[in-house]
Amino acid sequence: MSTPLTLRVFESEARVYRRTWRGSVISTFLNPNLYLTAMGVGLGSLVDENIPGGVDGVPYLTFLAPGLLVATAMQTGAGEGSWKVMAGIKWVKTYHARLATPIGIRGLVAGHVLWAGARVLMVSIVFAAVMAAFRVAPLLQSLLAVGPALLVGLGMAAATTAFTARLEDPTGLPLFFRLVV
């Protein structure tokens, strides 16, 4: 449910990102290229060489790319729900400042998850474009994989946000990333 106050939280996150986007743009474009080159082309050439016709008649790169897209969306959602939330609660206390306004906890969480969804959407669209550049599938078909990736990323962002909000100190986050993500 979106309220005007929820959208204010989203707007605040977008304004911060407007100043810091340069830090994430390289990894947004570089990660899909590296994943698809290493796992799809490198390992895929070995798989396709040893399994004539690929996996069930599909080349390994085409088989693997949508899964890598969804995994990237999941990692992005986890990233948006972990250290940023810990900083907002424990270190920088931006969440305390936001809660001192008429924004309630539900509006704060909804706005944060809405922003996490926007970030997951950005990363997923770039990944789909890179998939099309690798000729995994036409651009339109690659973009069809963005919907499920968005749902996975949103689910991961919400779950990670809930987990992080309950932590007393940040020592649980590395364990979470190692065992869950």
Side-chain angles (χ1 to χ4, degrees), residues 10 13-14 16-87 112-164 170-181:
F10 178 87
E13 296 287 342
V16 169
Y17 189 71
R18 187 175 67 183
R19 291 190 313 266
T20 62
W21 65 271
R22 289 171 197 85
S24 67
V25 74
I26 292 173
S27 63
T28 300
F29 284 97
L30 189 61
N31 283 346
N33 282 299
L34 291 177
Y35 283 146
L36 292 176
T37 300
M39 299 299 292
V41 176
L43 180 63
S45 66
L46 296 173
V47 171
D48 289 340
E49 181 180 301
N50 290 315
I51 302 174
V55 180
D56 287 336
V58 177
Y60 188 71
L61 178 60
T62 305
F63 173 77
L64 183 70
L68 289 175
L69 166 63
V70 173
T72 301
M74 182 188 75
Q75 291 170 345
T76 302
E80 287 293 318
S82 58
W83 298 106
K84 182 188 279 189
V85 173
M86 182 62 72
H112 173 75
V113 172
L114 188 64
W115 172 252
R119 282 286 298 133
V120 167
L121 185 63
M122 289 180 227
V123 169
S124 298
I125 288 173
V126 169
F127 201 111
V130 172
M131 284 172 46
F134 271 75
R135 299 193 187 279
V136 171
L139 182 60
L140 185 59
Q141 288 180 352
S142 296
L143 288 174
L144 288 175
V146 169
L150 177 62
L151 291 176
V152 168
L154 277 172
M156 192 65 180
T160 306
T161 298
F163 174 76
T164 304
T171 57
L173 286 177
L175 187 63
F176 175 78
F177 273 92
R178 184 170 303 241
L179 297 177
V180 177
V181 179

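Residue numbers start at 1 and run along the sequence shown. What you are looking at is a predicted structure, and each value in this text was computed from that prediction instead of being measured.
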> With Thr20, which residues qualify under side chain to side chain donor-acceptor pair (under 3.5 Å), at least two apart?
Replying inline: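 For Thr20, no residue satisfies side chain to side chain donor-acceptor pair (under 3.5 Å) once neighbours in sequence are set aside.
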Contact between [X] and [Y] at the side-chain level, heavy atoms closer than 4.5 Å - yes or no?
X: Leu69; Y: Met131; value: yes
X: Phe127; Y: Ser142; value: no
X: Met122; Y: Val126; value: no
X: His112; Y: Thr161; value: yes

Between [atom1] on residue [X] and [atom2] on residue [Y], distance to nearest 0.5 Å:
X: Thr160; Y: Met74; atom1: OG1; atom2: CE; answer: 9.0 Å
X: Glu13; Y: Glu80; atom1: CD; atom2: CD; answer: 7.5 Å
X: Gln75; Y: Leu68; atom1: CD; atom2: CG; answer: 9.5 Å
X: Leu140; Y: Leu144; atom1: CG; atom2: CG; answer: 5.5 Å

Judged by atom type as modelled, is there a donor-acceptor pair below 3.5 Å linking the side chain of [X] to the main-chain atoms of [Y]?
X: Thr62; Y: Val58; answer: no
X: Ser82; Y: Gly79; answer: yes
X: Ser124; Y: Leu150; answer: no

>> If I compare all heavy atoms of Pro170 with all of Met86, which pair ends up nearest, and what's the gap?
In response: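 Pro170 and Met86 have their closest heavy atoms at CA-CE, 3.8 Å.
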>> For Leu139 versus Ala128, what's the shortest heavy-atom pair and its separation?
In response: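 Nearest heavy atoms, Leu139 then Ala128: CD1-O, 4.3 Å.
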>> Test side-chain hydrogen bond (donor to acceptor under 3.5 Å, both in side chains) on Ser45 and Tyr60; report intermediate values, then the result.
In response: CA-CA 8 Å; Ser45 66; Tyr60 188 71; over 6 Å; no
> Does atom CZ of Phe63 have more than 12 heavy-atom neighbours from other groups under 6.0 Å away?
Replying inline: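 No, not enclosed.
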> More than 12 foreign heavy atoms under 6.0 Å from CD1 of Ile26: is that the case here?
Replying inline: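 Check fails, neighbour count at 12 or below.
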> Trp115 and Lys84: side-chain contact (heavy atoms from CB on, under 4.5 Å), yes or no, with the steps?
Replying inline: CA-CA 12 Å; Trp115 172 252; Lys84 182 188 279 189; 3.4 Å; yes
Can you list, pair by pair, the side-chain donor-acceptor contacts under 3.5 Å of residues 29-40, counting residues two or more places apart and other chains?
from  : atom 1 : to    : atom 2 : distance (Å)
Asn31 : ND2    : Ser27 : O      : 3.4
Asn33 : ND2    : Phe29 : O      : 2.7
Thr37 : OG1    : Asn33 : O      : 2.6

Show every donor-acceptor pair shorter than 3.5 Å between a side-chain atom in residues 172-181 and any protein atom, with sequence neighbours excluded, or say none if there are none.
none

